[in-house]
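Worksheet: the structure to be examined is printed underneath.
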4 protein chains.
Amino acid sequence: MQSRTSSTTPPARTGGRPRSAAADAAILEATRQGLVELGWSKLTLGAVATRAGVAKTTLYRRWAGKSELVVDAVAELFDELEVPDRGSLAADIEGVVLQFAVLLGRPETKTALMAVVAESTTDEPLRDRIRASIVDRQKRLVLAGRKRAQERGELPAEPDTVAAARTADLIFDVIAGAVVHRALVSAEPVDEEWARRFTLLLLGGLAAAAAQT
Amino acid sequence: MQSRTSSTTPPARTGGRPRSAAADAAILEATRQGLVELGWSKLTLGAVATRAGVAKTTLYRRWAGKSELVVDAVAELFDELEVPDRGSLAADIEGVVLQFAVLLGRPETKTALMAVVAESTTDEPLRDRIRASIVDRQKRLVLAGRKRAQERGELPAEPDTVAAARTADLIFDVIAGAVVHRALVSAEPVDEEWARRFTLLLLGGLAAAAAQT
Amino acid sequence: MQSRTSSTTPPARTGGRPRSAAADAAILEATRQGLVELGWSKLTLGAVATRAGVAKTTLYRRWAGKSELVVDAVAELFDELEVPDRGSLAADIEGVVLQFAVLLGRPETKTALMAVVAESTTDEPLRDRIRASIVDRQKRLVLAGRKRAQERGELPAEPDTVAAARTADLIFDVIAGAVVHRALVSAEPVDEEWARRFTLLLLGGLAAAAAQT
Amino acid sequence: MQSRTSSTTPPARTGGRPRSAAADAAILEATRQGLVELGWSKLTLGAVATRAGVAKTTLYRRWAGKSELVVDAVAELFDELEVPDRGSLAADIEGVVLQFAVLLGRPETKTALMAVVAESTTDEPLRDRIRASIVDRQKRLVLAGRKRAQERGELPAEPDTVAAARTADLIFDVIAGAVVHRALVSAEPVDEEWARRFTLLLLGGLAAAAAQT
DNA sequence: CGCTAATCGAGACGGTACGTCGGGTCTTAGG
DNA sequence: CCTAAGACCCGACGTACCGTCTCGATTAGCG
């Protein structure tokens, strides 16, 4: 929940006027507003700068381009995700799914997320930034959820850490992928009904997979 | 497998020089090449026109913009998807997953797919075009796979058509979402190992979900 | 008095929409207006384009930069210079000097002339352009004045063409230089009084120089 | 040869660290170097500051802008002008003309002089600064030359001081104007041959003008 | 000697203009 | 009516300088 990688690391630590912390906040907020009102493709860095009451140069001094800026702006929204303690693994999963769905329902997230992923397919550093700022932030939810379920006794402890990590990755891709696909590609609502049915499927699959091993 | 919606329908059918059919093919091919070499964001219609040996005018007469053109260009690639008959539902699913993975491994598909979906979040007609040209084409695979499994007796017939459709949608989102997420967001390989583990999870979940009802 | 070198010669002579002749005129006029209102250093090509009702690209397609554009814009003003027939060489010179002074009194000429000459000291092609468009146009006045004086019998015919050309160059530098220096550097008025005194000096010098040979 | 107006007069004379005298020299020298290497229009104050090993702040504390700085930088070069005693008025004039030509042959003078004069056409204070630092410095040469010629008896004493001043102004404009025009506009060499011919013309004119009165 | 206050370097800041690029449209001549 | 060519208007790009500002760190000279 702490501060982002704060754009690009400030160069050296010598003299000179320090960078305005307020500018960073204003820019990120203006970026999100711009995404809401204009969408990704019509969002211009000039407009962001104007709206943030900041010069374009200030913006370019901190971010390399639109993608990097938007990743940081959207990443802040992912800070609010957490695993709610609803008493059971199934309920926890449903809760997370719904939280995630709310996030994907926001227009700024909706328009930005796929766009930066699209850019990242031809931009390796951007992919790393996305992973560090957004993806890993979500993946931690999976690990937290499993830990809690193991504490409750709903899931057995897994001594094989490699297999455990591989399973976590699989679950993560399934959850995140399915919710994103439902919300953005199929463009159908991710409501409680859907979350219930999806969780049922997932937990059933997990049980079957565990039995297999 | 028949022709696309062929961009904008030609106006009336009066006299005059007919549109060049060769131009269409050249443009779509040039678009795919451009996607491979430049990626979505750096692909320009001017460059496509030049590469296709066609005037920009010709291109704009047929497509409304970059998104529409790219949708048509990559949609052709989805024509090759089909459910292989590998003898069992599990094997069929694994086959489809791997086919899909190969498609998402192509650079033109990779960069284009996410980008047009991103655009579609703020462009309703584009969303329809994507659904018609790409998404439904994939969803049919789910229906075909289930039908074959029912014929083999691996799955029971479902009399409740509404529930059946809803289940198909869920499965579709899970499969497509998980594969896309694994391939493009996690950027990890979708290989046979992963396909096997994913299929195990999915089928286990389906069984559990069926038992629930 | 015919048209300028018309910016940069149009590339090839093939198909495509022809360049707008009206645009050229509008741009040059806008340039002169801009010079009057803003002066050389605050004149921006963007402002010229806007004022001419033309896109910046149109402007850059025809001229390489501010200097070239301004040379062409100002050169048109030099078209109006001519040697008046006032009956005597002395009166003709006074007339030309006053005409030239009026031209240098215009704000657009005043601010532009020295500026482009300054630029030309580090820009060879620009120097050529200035010579072709502006300087030679004035030098012709010297030749015309001399020819007329010879026809009147005020000056002897000069059989040595090399010496004649050298003398013409000297006279030209003296006249143009003195008037420009008086008007722009000393910033004192070039009025009839001054013109009379200057002409007296010049003609006296010419007679002395002729006697020397 | 005394100090320039030293930019902006230091405010009051209270305590605090005094301004570095070395900085002034370094800046002016860096300015001249910059003019040589970049020319007027590409000379930037940031570059001057860097080259002088000085902060931009220091530079702006002393000069109001590029024009003022450049005037001071080139004005120093005009300090070396003086009327040589070559024994006769004609020889003195030729000497001054050649000295002036050498000065105008330097790239820093060439590019700077015309540029600041151009600026001065729309900047009254700048015109005053130029006059004080550069123009009057040259004009004094005319007066000195005349005084010496009068002492030699080559020229009569002029009791009418008003007319004498007017004549000096005229001569000054003719000499300076002709040399500058020859050197910078016609871009032809101001060599001994030219100086001789020009002086002949000038002295002949002066004699004729004197006879007229 | 220690204050005090203006200087210094560094460099971020809000601006303005740059010259280029791409998007779509339109205007030619030719098929 | 279509086509290739290319000029057109428009708007955004990312960069460069401008002149100002805010820092922490030096220096003098005065007390």
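Numbers restart at 1 for each chain; the letters A, B, ... are given by sequence-line order, proteins then strands.
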For the side chain of B:Lys66, counting heavy atoms from C-beta on, which of E:dG23, F:dC23, F:dC17 is nearest?
-> E:dG23

Hey, is the side chain of C:Lys56 pairing donor to acceptor with the base of E:dG19 inside 3.5 Å?
-> yes

Find which nucleotide of DNA chain E each of C:Gly65 and A:Thr58 is nearest to by heavy atoms, and output the residue with the more 5' nucleotide.
-> A:Thr58

Given atom CD of A:Glu68 and atom C1' of F:dG14, what is their separation to the nearest angstrom?
-> 13 Å

Rounding to 10 degrees, work out the angle separating the end axes of the helix from E:dC1-F:dG31 to E:dG31-F:dC1 (five pairs an end).
-> 10°

Salt-bridge contact B:Lys66-B:Glu119 (side-chain N to carboxylate O under 4.0 Å) | no

For the residue pair D:Ala115 and D:Thr111, what are the closest heavy atoms and their distance?
-> CB-O, 3.3 Å

Quickly work out the C:Arg51 CZ to E:dA17 C1' distance and round it to whole Å.
-> 16 Å

Indicate yes or no: at least one non-hydrogen side-chain atom of C:Val74 is less than 4.5 angstrom from one of C:Leu35.
-> yes

OG1 (C:Thr57) and CZ (C:Arg62) are apart, to the nearest 0.5 Å, by 10.0 Å

Report yes or no: is there a donor-acceptor pair, N or O only, under 3.5 Å between the side chain of D:Thr57 and the base of E:dA10?
-> yes

Kindly give the heavy-atom pair with the smallest separation between D:Val70 and D:Val116, and that separation in Å.
-> CG1-CG1, 4.0 Å

Pairwise 5' ranking along DNA chain F for B:Gly53 and D:Lys42, keeping only the more 5' one | B:Gly53

Rounded to the nearest 0.5 Å, how far does CG of A:Asp128 lie from CD of A:Glu124?
-> 5.5 Å

Let me know the distance between CG of D:Leu59 and C1' of F:dC21, rounded to the nearest Å.
-> 16 Å

Rounded to whole Å, the CH2-C1' distance (C:Trp63 to E:dG19) equals 16 Å

Given the rule in the side chain to side chain contact (heavy atoms under 4.5 Å, CB included) test, do D:Trp63 and D:Leu28 qualify, once you have shown the distances and angles that lead to the verdict?
-> CA-CA 11 Å; D:Trp63 286 276; D:Leu28 291 174; 3.8 Å; yes

Report the nucleotide, chosen from F:dA5, F:dC2, F:dC13, that has the shortest atom-to-atom distance to any side-chain atom of A:Leu45.
-> F:dC13

A:Arg61 CZ to F:dG14 P, in whole Å, measures 16 Å

Tell me whether the OP1 or OP2 atom of E:dA12 has a side-chain N or O from A:Arg62 closer than 4.0 Å.
-> no

Which whole-number value in Å describes the distance from C:Leu43 CG to E:dT16 C1'?
-> 14 Å

Between A:Gly16 and A:Ser20, the residue closer to the 5' end of DNA chain E by nearest nucleotide is A:Gly16

Could you tell me whether the side chain of A:Arg17 has a donor or acceptor atom within less than 3.5 Å of a complementary atom in the base of E:dC13?
-> no

Whole angstrom is fine here: how far is it from CZ in C:Arg19 over to P in F:dA5?
-> 17 Å

Of the nucleotides E:dG22, E:dC18, E:dA12, which one has an atom closest to the side chain of C:Tyr60?
-> E:dC18

